Amino acid sequence: MEPGPTVRRVLERLKRVRERSGGGWDALCPVPSHEDSNPSLSIDLKNGRVVLFCHKGCAFPDVVAAMGLTEAEMFERTEDEHDRADGKD
């Protein structure tokens with residue numbers, strides 16, 4: 001699966017990212033208190049939103065914050081929306 005710009009931004013901030021054969025990705029959870037050594041964070045795109053699930057129980061807002069992102073940035077934008085955000089009409 002070719003990730004869109006939002007998913008790429010998320011994946012670039014994670015370590016030991018690997019694509020799952022059924023779709024989506026796994027990576028180390030970035031939450032400092034987790035001290036992850038075995039990829040336990042699942043990353044998927046569903047209905048235009050990046051879905052992050054830590055199998056050890058880290059909360060979504062904590063995972064997003066540990067990547068230096070906001071929850072609002074977890075929505076995949078269309079090409080038109082990217083153009084408008086970049087000042088292109």
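Here the structure is a predicted model, which means the values were calculated and not measured. In what follows, every heavy atom counts, from backbone to side chain, and hydrogens, waters and symmetry copies are set aside.
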| query | With distance as the sole test, does Arg49 use its side chain to make a donor-acceptor pair with the main-chain N or O of Phe75 at under 3.5 Å? | reply | no
| query | Is there side-chain contact between Val64 and Val50, with at least one heavy-atom pair below 4.5 Å? | reply | no
| message | I'd like to know if Phe60 and Leu45 are part of one continuous hydrophobic network [Ile/Leu/Val/Met/Phe/Trp/Tyr, side-chain heavy atoms within less than 4.5 Å]. | response | yes
| Val63 and Leu41, any side-chain heavy atoms less than 4.5 Å apart | yes
| field | Sub-4.5 Å side-chain heavy-atom contact between Leu52 and Met74 | value | yes
| Is there a donor-acceptor contact under 3.5 Å from the side chain of Arg20 to the main chain of Trp25? | yes
| Validation row: Leu69, Val10 side chains within 4.5 angstrom (heavy atoms) | yes
| said: Rounded to the nearest 0.5 Å, what separates atom OG in Ser37 from atom CG in Leu28? | reply: 7.5 Å
| Heavy-atom pair with the smallest gap, counting every atom of Glu73 and Arg9 | O-NH1, 3.8 Å
| field | Chi angles and distances behind the side chain to side chain contact (heavy atoms under 4.5 Å, CB included) call for Ile43, Leu11 | value | CA-CA 8 Å; Ile43 305 101; Leu11 296 177; 4.3 Å; yes
| said: For a quick test of reading the model, state the closest non-hydrogen atom pair linking Ala27 to Lys15 and the distance between them. | reply: CB-O, 3.6 Å
| said: Please give me the minimum heavy-atom distance between Gly23 and Asp44, naming the atom from each residue. | reply: O-OD1, 4.0 Å
| remark: Tested for side chain to side chain contact (heavy atoms under 4.5 Å, CB included) against Cys29, the lone hit among Leu14, Asp36, Asn38 is Asp36
| query | Just by distance, do the side chain of Asp62 and the backbone of Ala66 share a donor-acceptor pair under 3.5 Å? | reply | no
| task | Answer whether the closest heavy-atom distance between the side chains of Arg13 and Pro30 falls below 4.5 Å. | result | no
| request: Indicate, with yes or no, if Val31 and Val17 share a hydrophobic cluster defined by side-chain heavy-atom contacts under 4.5 Å among Ile, Leu, Val, Met, Phe, Trp and Tyr. | output: yes
